[in-house]
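Read the structure below first, then the notes.
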2 protein chains.
Amino acid sequence: MTEQPQRRTTRQRTAIREFLSGAGDFRTAQQIHEQLRAGGDPIGLATVYRTLQTMAEAGDVDMVRTADGESAYRRCTTSGHHHHLVCRSCGRTEEIMAKVVEAWAATIAAEHGFTNVTHDVELYGLCASCGARTVT
Amino acid sequence: MTEQPQRRTTRQRTAIREFLSGAGDFRTAQQIHEQLRAGGDPIGLATVYRTLQTMAEAGDVDMVRTADGESAYRRCTTSGHHHHLVCRSCGRTEEIMAKVVEAWAATIAAEHGFTNVTHDVELYGLCASCGARTVT
DNA sequence: GTCTTCATGAGAATGATTATCGATCACAAT
DNA sequence: ATTGTGATCGATAATCATTCTCATGAAGAC
């Protein structure tokens, strides 16, 4: 049904994949583009967007929206459904599994007669090191 | 510290507030602007954005991001912190309180050494009537 | 090597949101 | 009712992330 067009292995796609693997946390398309170029890897911005989108659909990367509405991508170490705890200051990210939340979501949905329910759950905070640095 | 400038009651602000009260579910700034004008209420787009932002900060309205990154606003009936269960098809929205989630978030945060934690939790699904209409 | 087709990328286009800044209006005091 | 003052408005220009266009380049099949 979903006819997947063939995926080719190009220098650019490899570069993006490796960059994300090395990064660990979330990066925006703009950042990836800029940093790849700075690192001597000529690549077009459009390509970065296209590739990230494709990877996100394929489940190779995770996507979240930053507070100002930009999309940020990250290589998933955990496959399957999970959530994130992101440091508001340095961007460090922890992947989280939460059976509690899944269960809760399912219950609530049922209570209200909703079906086919998905959810977005993201936690934002200050990680240990950033928190220590910031004197409130 | 946070010196709030005085808030004046203008025709435009009233119009927006009333529009949202009547709407019930989420509307984007663009929609609000367009519909208010269509309804014979001259108002500037900039004003709509400014007002919505102010109202959101004051907690008078709720803000969520749509899938394509637009901001949508809604008059809150529940004051204080809460989440939403939004119908993917018709936009109907239920407000939800979830102590479980709050507690879970706090726990996770602590476990990972994060402080100052906030969270975004939104559920999307098909409401009873839309679900019935959609034959999978 | 050749061919077919997908991928690339520079730049233009889109579209939401924000900034600008003089004109206007709300409102407290006269 | 009039006035003074600063908040507010709004048309429009400016931003900025993201998407589109389409001619050129490269992958993979044979």
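The sequence lines fix the lettering, A, B, ..., with proteins before strands; numbering per chain opens at 1. Since we're looking at a predicted model, the values are computed, not measured.
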Between C1' on C:dA16 and CG on A:D68, what's the gap in Å once rounded to a whole number? 13 Å
Just how far, in rounded Å, is C1' of C:dT18 from CD of A:E70? 14 Å
Report yes if a side-chain nitrogen or oxygen of B:R65 is closer than 4.0 Å to either non-bridging phosphate oxygen (OP1 or OP2) of C:dA16; otherwise report no. no
Once you round it to whole Å, what is the distance between C1' of D:dA7 and CZ of B:R8? 4 Å
Within the structure, does a side-chain N or O atom of B:T47 lie under 4.0 Å from either OP1 or OP2 of D:dG10? yes
Separation between CD of B:E111 and CG of A:L85, rounded to the nearest 0.5 Å: 10.0 Å
Would you mind reading off the distance between B:L45 atom CG and C:dG15 atom P, rounded to a whole angstrom? 14 Å
Does A:R13 place a side-chain N or O at less than 4.0 Å from the phosphate oxygens OP1/OP2 of C:dT8? yes
Quick one: A:Y73 OH to D:dT18 P, roughly how many Å, whole number? 7 Å
C:dT18 P sits how many Å from B:L52 CG, rounded? 10 Å
Minimum-distance nucleotide (side-chain atoms of B:T9 versus C:dC27, C:dA16, D:dT12): C:dC27
Any B:Y49 side-chain N or O less than 4.0 Å from OP1/OP2 of C:dT17: yes
Would you say B:Q12 places a side-chain N or O within less than 4.0 Å of OP1 or OP2 belonging to D:dT8? no
Nearest whole Å is fine: how far is C:dG15 P from B:Q30 CD? 10 Å
A:D62 and A:H82: side chain donor to acceptor below 3.5 Å: yes
From the list B:E94, B:E122, B:E102, side chain to side chain donor-acceptor pair (under 3.5 Å) with B:H83 holds only for B:E102
Side-chain N or O of B:S71 closer than 4.0 Å to phosphate OP1/OP2 of C:dT17: yes
Is the phosphate of D:dC9, meaning OP1 or OP2, less than 4.0 Å from a side-chain N or O of B:T10? yes
If the cut-off is 4.0 Å, is B:R11 near the phosphate of D:dG10, judged by side-chain N/O to OP1 or OP2? yes
Per nearest nucleotide of DNA chain C, the residue lying toward the 5' end, B:G69 or A:R37, is A:R37
Quick check: do A:P42 and A:R11 have side-chain heavy atoms less than 4.5 Å from each other? yes
If you take atom types as modelled and just measure distance, does the side chain of B:R50 reach the base of D:dG10 with a donor-acceptor pair under 3.5 Å? yes
Any donor-acceptor N/O pair, A:R37 side chain to A:I43 backbone, under 3.5 Å: yes
Hey, is the side chain of B:Q53 poking within less than 4.0 Å of OP1 or OP2 on C:dT18, counting only N and O atoms? yes
Rounded distance (Å) that lies between atom P of C:dG11 and atom CD1 of A:I43: 16 Å
